[in-house]
2 protein chains.
Amino acid sequence: MGTRYRGSPGAVRALNAYVALVRAAESVTARLQPRIDRAGLTVSQFGALEALLHLGPLCQKELGTKLLKSGGNITMVVDNLERRGLARRVRGEDRRFMAVHLAPAGRRLLRRIFPGHVEAIVREMAILSAVEQKKLRVLCRMLGLQERRDA
Amino acid sequence: MGTRYRGSPGAVRALNAYVALVRAAESVTARLQPRIDRAGLTVSQFGALEALLHLGPLCQKELGTKLLKSGGNITMVVDNLERRGLARRVRGEDRRFMAVHLAPAGRRLLRRIFPGHVEAIVREMAILSAVEQKKLRVLCRMLGLQERRDA
DNA sequence: GCGGAATGATTCAACATCAAACCATCAACG
DNA sequence: CGTTGATGGTTTGATGTTGAATCATTCCGC
């Protein structure tokens, strides 16, 4: 995303803000990535385990919503977690639902790597003061929580 | 990324800020996506055309840096753009470099869709005031411009 | 109850992405 | 010059991701 675009000041301002937003998210996430790689997980797998640890068992649909991934993809992510013994599927009372549970090995793995992950995030964000971090959160939440519109 | 994590206030603050940042970027980008889909482009293809339009011809390495994508991937993106007649490769004087040029069809396509894209971004960002947009940009740039560290 | 709509999960084909290995070209140095 | 190292690009193999089609199950109106 170049910055050579010429348009109204309002458009340039919005564009600059958007580009900076996306770059910041990608940049920080890229710096977090090696740590997850080293645990032998993909970002989606890590996200799924993290959601299961902190939210408890979820059905795949819910997992997809949390991770912003398609249903087909969740099937594969859970397949891989199950194959490695990190999670297990339990068919729900409503037999359409598959409740995904964290297996003991998955819980151990996540407990082992999650603290370091949080520390890394803290270090990444430490370039901002506490007040700035809060401000960033407020601004981002306004953008993130908007309703989807006409397209 | 759930928010049920219990840790020190500083850790929770950093985590909340980071999660909000990533969600905002993904959320806004997802709302922009259908517009790009409708033009029959992938996000990377759109990004490449946009870079070429506003920065002029670039070699693939530069393109990769702009788009934060691997070299191998750029080869495929440019392959696909070239196959559709939207871009063309020109071997440079230093024959290692491939200068990627925007083809007339690519220029027409981008000129047709880019203004609407910018308008959509302006609408997305309009939930923030001008001052807030500038503040967001400043905060995000601090995060984005940090040096990569030990890992 | 029954037949169809709705919902969750799975499969499948197409494509994106990456890292590593590889090839081609250039630059530097003896 | 000729070798060696650096640099840009491509290929390859593995995996992730998506959207559409499909299957199984449940829900709902009649």
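Chain identifiers are assigned alphabetically (A, B, ...) following the order of the sequence lines, protein sequences preceding nucleic acid strands; residue numbering begins at 1 within each chain. Any value given below was found using the heavy atoms of this structure, including those in side chains, with hydrogens, waters and symmetry copies removed.
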Practice problem: Give the first and the last nucleotide of DNA chain C, reading 5' to 3', that has any atom under 4.0 Å from a heavy atom of chain B. | Solution: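 The footprint of chain B covers C:dA16 to C:dC26.
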
Self-check item: Minimal non-hydrogen separation, A:V100 against A:A87, with atom names
Solution: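 Closest pair (atom of A:V100, atom of A:A87, distance): CG1-CB, 4.2 Å.
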
Self-check item: Separation of atom CG in B:L58 from atom P in D:dG8, rounded to whole Å
Solution: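 It is 14 Å, rounded to the nearest whole Å.
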
Practice problem: Rounded off to whole Å, could you give me the CD-to-P distance for the B:Q60 and D:dT11 pair? | Solution: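 My rounded result for the distance is 10 Å.
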
Quiz item: Considering only heavy atoms, which members of residues 84-99 of chain A lie under 4.0 Å from some atom of DNA chain D?
Solution: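 A:E93, A:D94, A:R95, A:R96, in order of number.
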
Quiz item: Quick one: CD on B:Q60 to CG on B:L67, what's the gap to the nearest 0.5 Å?
Solution: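 Output value for this atom pair is 11.0 Å.
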
Quiz prompt | Spatial distance of atom CG (A:N16) from atom SG (B:C140) [nearest 0.5 Å] | solution =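 Those atoms lie 11.5 Å apart.
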
Quiz item: On DNA chain D, nearest-nucleotide positions of B:D37 versus B:D79: which is more 5'?
Solution: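 Whichever sits nearer the 5' end wins; that is B:D79.
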
Quiz prompt | Test salt bridge (charged side-chain N to carboxylate O under 4.0 Å, His left out) applied to A:E82 - qualifying residues, sequence neighbours left out | solution =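 A:E82 satisfies salt bridge (charged side-chain N to carboxylate O under 4.0 Å, His left out) with A:R89 only.
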
State whether the side chain of [X] and the backbone N or O of [Y] hold a donor-acceptor pair below 3.5 Å, judged by distance alone.
X      : Y      : value
B:Q133 : B:A130 : no
B:H117 : B:I113 : no
B:E26  : B:R23  : no

Practice problem: With sequence neighbours excluded, tell me which residues meet side chain to side chain contact (heavy atoms under 4.5 Å, CB included) with A:Q33. | Solution: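 In terms of side chain to side chain contact (heavy atoms under 4.5 Å, CB included), with neighbours along the sequence ignored, A:Q33 is linked to A:D37, A:V43.
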
Exercise. Examine the side chains of B:N80 and B:R83 and answer whether a donor and an acceptor come within less than 3.5 Å of each other.
Key: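 Present: a donor and an acceptor within the cut-off.
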
Exercise. Any pair with a residue in residues 92-111 of chain A that passes side-chain hydrogen bond (donor to acceptor under 3.5 Å, both in side chains), sequence neighbours left out, goes on the list, sorted by first then second residue, please.
Key: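 For residues 92-111 of chain A, and leaving out neighbouring residues, the side-chain hydrogen bond (donor to acceptor under 3.5 Å, both in side chains) pairs sorted by first residue read A:D94-A:R96.
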
Every protein N/O within reach of nucleotides 12-18 of chain D N/O, cut-off under 3.5 Å:
| residue | atom | partner | partner atom | Å |
| --- | --- | --- | --- | --- |
| D:dG16 | OP2 | A:N80 | ND2 | 3.3 |
| D:dT17 | OP1 | A:S44 | OG | 3.3 |
| D:dT17 | OP2 | A:S44 | OG | 2.8 |
| D:dT17 | OP2 | A:N73 | ND2 | 3.2 |
| D:dT17 | O5' | A:N73 | ND2 | 3.3 |
| D:dT18 | OP2 | A:S70 | N | 2.8 |
| D:dT18 | OP2 | A:S70 | OG | 3.3 |

